[in-house]
Amino acid sequence: MADTASTAGAGGSGTRSGSKQSTNPADNYYLARRRTLQVVVSSLLTEAGFESAEKASVETLTEMLQSYISEIGRSAKSYCEHTARTQPTLSDIVVTLVEMGFNVDTLPAYAKRSQRMVITAPPVTNQPVTPKALTAGQNRPHPPHIPSHFPEFPDPHTYIKTPTYREPVSDYQVLREKAASQRRDVERALTRFMAKTGETQSLFKDDISTFPLIAARPFTIPYLTALLPSELEMQQMEETDSSEQDEQPDMENLALHISTDESGAEKENTSVLHQNPSLAGSRNGEETVIDNPYLRPVKKPKIRRKK
Amino acid sequence: MSPTGSEPPRMNRKKGDKGFESPRPYKLTHQVVCINNINFQRKSVVGFVELTVFPTVTNLNRIKLNSKQCRIYRVRVNDLEAAFIYNDPTLEVCHSESKQRNLNYFSNAYAAAVSAVDPDAGNGELCIKVPSELWKHVDELKVLKIHINFSLDQPKGGLHFVVPSVEGSMAERGAHVFSCGYQNSTRFWFPCVDSYSELCTWKLEFTVDAAMVAVSSGDLVETVYTHDMRKKTFHYMLSIPTAASNISLAIGPFEILVDPYMHEVTHFCLPQLLPLLKHTTSYLHEVFEFYEEILTCRYPYSCFKTVFIDEAYVEVAAYASMSIFSTNLLHSAMIIDETPLTRRCLAQALAQQFFGCFISRMSWSDEWVLKGISGYIYGLWMKKTFGVNEYRHWIKEELDKIVAYELKTGGVLLHPIFGGGKEKDNPASHLHFSIKHPHTLSWEYYTMFQCKAHLVMRLIENRISMEFMLQVFNKLLSLASTASSQKFQSHMWSQMLVSTSGFLKSISNVSGKDIQPLIKQWVDQSGVVKFYGSFAFNRKRNVLELEIKQDYTSPGTQKYVGPLKVTVQELDGSFNHTLQIEENSLKHDIPCHSKSRRNKKKKIPLLNGEEADMDLSAMDADSPLLWIRIDPDMAVLRKVEFEQADFMWQYQLRYERDVVAQQESILALEKFPTPASRLALTDILEQEQCFYRVRMAACFCLAKIANSMVSTWTGPPAMKSLFTRMFCCKTCPNIVRTNNFLSFQSYFLQKTMPVAMALLRDVHNLCPKEVLTFVLDLIKYNDNRKNKFSDNYYRAEMIDALANSVTPAVSVNNEVRTLDNLNPDVRLILEEITRFLNMEKLLPSYRHTITVSCLRAIRVLQKNGHVPSDPALFKSYAEYGHFVDIRIAALEAVVDYTKVDRSYEELQWLLNMIQNDPVPYVRHKILNMLTKNPPFTKNTESPLCNEALVDQLWKLMNSGTSHDWRLRCGAVDLYFTLFGLSRPSCLPLPELGLVLNLKEKKAVLNPTIIPEAVSGSQEASSNPGSHIHLAGFQNPFSSSQDEEEVDMDTVHDSQAFISHHLSMLERPSTPGLPKFRPASARSALLPPRAPGFEGTPTPTLKPPWALDLARKGAGKEQVPLEMSAHPATAAPLSALSKESPSKHSEHHHHHHHEHRRKKKKHKHKHKHKHKHDSREKGKEPFAFSSPASGRSVRSPSLSD
């Protein structure tokens, strides 16, 4: 809160310096808003049981309130723009409030408190002429905590939703089809993009755009990409997401051949390494005891060994 | 060695000799190798060696050692300066003045050159004179310590530096260096006795950057920092007597992994690869256990190291207590295909630790025993690990390979015996190379040699049983380990060497059996057996009349006499018969056991005791024979062509349980495209108990059969419904299931079936549209997200399938291939290839299998005329910096392009790469591929075949590849393929050459000769060390070398020349000649062993570098200089040649001497040769690093 107050102070001083040229209509709006805020502060003070307040303290509180509200606005705008919108939504405000350390859950209760004071509507010089719109249905009345001078609810058809349900695509064939073409499209778009932005080679002399091949570029350490292919990294990442799925029960071929032998051996290894923590543990324990000449510390040169 | 007293060393050991007679007049007992500086930036090495040697003869005055490439600064014997000569005839095999271009001549000269430095004959490139002060010492047979300071600069062979050009320190860049080579190649990186039969103990020291690790043979005793703490010295001791050829070294910023199961085993890999290393080596302990168990012998060394390095020379190289592997063998748990291959490599390396490293060989002709035993026990490991089916399949594969090779080239001889004087009856006259030395062998021959060796071991096992076999091995090992523990009795060490006779004696002692006939047939004789079999059933006698013919007249065949097993499957069961194959008996009557009785429905007993229900309706009603097999156990190295009816092959395929029989029947069924064959194959394909490799073979056979019966084929394309049933979704049969490779058999089948299907052709000889769509759908719906394994090999095979579906384009008048007239099917294929190839750039696959397949597919499209033929793409992928598999695939395409388009430019590009590529394996591989797929052959006319190419290739094998035996032999192979044994036909008539040789004046006129006519003074300076001799080295050589009398004058001419050369550059060389005289005359007067040596050894340490550089420049400038001198050359030259013939240094080739004697007048020809050298030098930095150049700097004339 102290933070916002200080920034508000700075902002306030900025605006105040601007208020010197009071002929500006923007400044008039500013002053009007300021007046309203003063009323709000005063009524809040009254609500809190104060009978009178010094002008300076009211001014300070007004300043604080103003900067607090400005901050909510600024921040909500950022959140809204962050999600590529121009109009803030309720969730933007909520996120902002949460961000500012405000417990949003308490807000409805606060709004509905009994002893609250209602500020009268600001005097409107000339009511804007609202064009008569075609009314459809009954407009909802204001709930009790909303002052009556606030705008009316719009026509129900503008906000009432009628949920419709469409069966999600669960047909296996379609899904596979979709996944395949999606991946293919992404891959093609990506490779084309890469080809467009970089050097290419072509199989046809007369046409370099139909089958653009990204030019071969040698690596400084070619074996690293070959042995640690990024493809596998990706797959490993995905694999950790989709946990073990050994749904294939047709593993009945435990017969003669190489592969079973091998997979067996492999499993043994992995099981020894992974599923046997006791052994791994004992190995770790032993690690300090392992006497391997390559693990021994390097000796300091002997003095007598002269170079 | 037991002191042989004054008996001169004998070079030819006779068979049956009891012990080992060293070819050397001394015994090496201990050697120290100390490399105290390794510079990765300059790729140089500085160090010394110290050999402890005991003379075995009293008059020992010369010690011959092996050394190549090393620059030798000084040699001291027991702290006394010793003179030495360096002479390596293999640097340039034939002197270039010779216009001989026939391979016969070269091969003989090359064999002679290799012999001249062969350590097994007691020879060597480096000849050290024992200082006269020590002669008395020697007469008492007291110890000599030979201390040699040497350096190595930019080695082209023996040691390979890998220095990636990125930012950072050498360790951060992953720079490393390792020893490599083919057979005994240790001489390339330090002076030694580079023989497998000279064993000694070792002390090895390597001082390397503190961030690096030096891995070498033996036990790491300690690691000590240098005083500035920036470097570390690794001290290794190898107390088991070991041949220098088995010593190796690898230095790099390795990650270290101590084997969790065996703490004395340490694994090393390059940075970032540790997780792969962990997985790859996690299996090794089982291999250890296996070998130790079957050999009932512990692993002989106290430690074992595996090092995985980049740019490997070979995938597996075994050295004493360590093995060097290609880093590309490393893989993660997600890779299926590489796993068995890598494990095989590990097992192979370990087998060679026992036989090859610990037990070494007496001579080259005993090599087959070591290769045989290590290959054989490796086979046993295969049988245990991968099962009997895999083992038998492998044996069959190896047998087919050796049979095909021998029939093609005319025989592989395991145990060549070279009669003393009878040089003429060369045991391998059918070959274009000598088999007398490992270093003259074609690489392919050597591979086949190893293959045959282990097959023969298996034959011996068949004869004496495996139990005895293992006992023999155990005996060899225990003898060796007893001998190895005799630390101070070096004469015992020869027990660690295996010889053919010793091995055979062990066999007869252990088994009590006489295997002489077997040895005679397969070991002492080359060739395989070729059987043709056919039969008739004699119903009346109920006898099977079997006719077995042999072809023993074709090259590579031999006659077989002896037992031959025949298995006959009858209705009543399977019966083995042993026929005696004799000289003139072709027909064999085999009584049948069963009457034909088809009505009785009964199970039919098989060989393995199983009983099978068979549908016998296909059988011949009169015959009880189901199928017949000749030599089912592969107990003869043979090829069998057997004729039996199609239904018999089908029965054999369905019911014979032996995988080899199944494969044979699959091969035979290709010739019987009938519905019955189709059914038999389909059934096999579906049968899950069947060995997966048989099922894979069945796929391809089915495709062939389908193509043969295309007009009568009914139903969907072959295998399509099968594949759909096995691998596609139940509900939507056009979509393949998401990948799940848990069952490896299914995985291999799933990979193979589409590849085979794509070979199907319709009546128009096009791939059916249905099949192409099917393959494209497989690619489209391929989904590996839920798979535990990588699908990169699977996807690569799908691309192979696409390539297989391509058929030649219909071309109208050779129109240019453009995008517009692209076949729509091909467009789809190209679309996929483009996408795959591009995706590889963003998400590369393991070992870039997909790129490799894409490149191959593109070449197929080019070759079939769909895409314009253009090598540019392949050339860019072939550049250094791509992964080696990609490079090889791209180079293969370029080689193919060179052949198809007869492109001279591409051929030149390839030849250039052969000479200059940084990776020895790639150089070797290009030669290999060019030989396999030659742009033209000796029998075909080609515009590519011209004189320049002949000269180029000749130069390549003559001098350009002297740093790598394998490469040189590869060049010889290529030369043979292109031009044959005799003079290439594209050369001008040889008469012209003769004229050139005889008439000096005319020679000047000849354009090819002119550039070589230069002054004699330059030759010596630029000659890469073939005949720089030292002052005071006039002790007569052994009588055989009398011809090579040293000519001191020329030597000093050359040395003086070096000193004067820099200042003389601008001047024509001939006028300068007189100035040399005084210097040379003076130095000739110097007493033997120049006294100046002892006082001033150190100042010379630096000059060689400087001088070397200076001369590099000089070498370049020389050419224009000589050119300008030409017009005026004729006269001064003839004057010179008259003046100096006697001074001219002699050459090392006997034939050359003869040649010289005949034409004494034409001494100047030698100058041509040297001139030639000097010109080459500008291109070949190697020539400058020859030790001789370093040596010459220390010449007395300089120290004056």
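Please read these numbers as outputs of a predicted model, since none were measured by experiment. So that the names make sense, note that chain A is the first sequence line, chain B the second, and so on, each numbered from 1. All heavy atoms count here, side chains included; hydrogens, waters and symmetry mates do not.
Ring geometry, B:W394 versus B:Y391: the interplanar angle falls from 30° to 60°, so the pair is classed tilted. Using bins of under 30°, 30° to 60° and over 60° for the plane-to-plane angle, the ring pair B:Y261/B:H285 lands in the parallel bin. Under the 30°/60° scheme for interplanar angles, the aromatic rings of B:Y747 and B:F741 are found to be tilted. The aromatic rings of A:F219 and B:H882 stand perpendicular to each other, their planes meeting at an angle above 60°, with 30° marking the opposite boundary.
Contact annotation for B:M382: neither backbone nor side-chain heavy atoms come within less than 4.5 Å of a heavy atom of chain A. Using a 4.5 Å cut-off between heavy atoms, B:I256 contacts chain A through its side chain alone, with no backbone atom that close. Looking at B:N36, there are no atoms closer than 4.5 Å to chain A (heavy atoms on both sides), in backbone or side chain. With a 4.5 Å cut-off on non-hydrogen atoms, B:K780 touches chain A through its backbone and its side chain both. Using a 4.5 Å cut-off between heavy atoms, A:Y172 touches chain B through its side chain atoms alone. Heavy-atom distances place both the backbone and the side chain of A:L227 under 4.5 Å from chain B. For B:L822, the part lying near chain A is the side chain, with the backbone staying farther off; criterion is any non-hydrogen pair under 4.5 Å. Heavy atoms of B:E879 lying under 4.5 Å from chain A are absent altogether. Only the side chain of A:A179 comes within contact range of chain B, judged by heavy atoms closer than 4.5 Å. With a 4.5 Å cut-off on non-hydrogen atoms, B:V163 does not touch chain A at all. Neither the backbone nor the side chain of B:H393 comes within contact range of chain A; no heavy atom of the residue lies under 4.5 Å from a heavy atom of that chain. Both the backbone and the side chain of B:R827 come within contact range of chain A, judged by heavy atoms closer than 4.5 Å. Only the side chain of A:L224 comes within contact range of chain B, with heavy atoms under 4.5 Å apart.
Between the side chains of A:D291 and B:H263, no donor N or O sits under 3.5 Å from an acceptor N or O.
Taking 4.0 Å as the cut-off between side-chain N and carboxylate O, A:D92 and A:K77 do not count as a salt-bridged pair. With respect to the salt-bridge test (charged N to carboxylate O, under 4.0 angstrom), the residues A:E187 and A:R183 qualify. At a threshold of 4.0 Å, the pair B:R737-B:D783 does not count as salt-bridged, since none of the basic side-chain nitrogens sits closer than that to a carboxylate oxygen. Under the 4.0 Å criterion applied to side-chain N and carboxylate O atoms, B:R795 and B:E840 are not assigned as salt-bridge partners.
Interface summary for chain A: among B:T327, B:L830, B:V162, B:L276, the most heavy-atom pairs under 4.5 angstrom belong to B:L830. The greatest number of non-hydrogen atom pairs below 4.5 Å with chain B, out of A:P218, A:P212, A:A180, A:S202, is found for A:P218. Put simply, of A:R217, A:Q173, A:R176, the one with the most heavy-atom pairs under 4.5 Å next to chain B is A:R176. Of the listed residues (A:T191, A:V298, A:L190), the one with the most heavy-atom contacts under 4.5 Å to chain B is A:V298. The greatest number of non-hydrogen atom pairs below 4.5 Å with chain A, out of B:V166, B:L270, B:L330, is found for B:L270. Options B:V258, B:T731, B:V867 differ in how many heavy-atom pairs under 4.5 Å they form with chain A, and the most are formed by B:V258.
You'll find the side chain of B:N389 stays beyond 4.5 Å of the side chain of B:Y692, heavy atoms only. Looking only at side-chain heavy atoms (C-beta outward), B:V224 and B:K232 stay at 4.5 Å or farther from each other.
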Is there a side-chain contact (heavy atoms from CB on, under 4.5 Å) between B:I858 and B:I833? Walk through the geometry before answering.
CA-CA 8 Å; B:I858 290 173; B:I833 292 175; 3.9 Å; yes
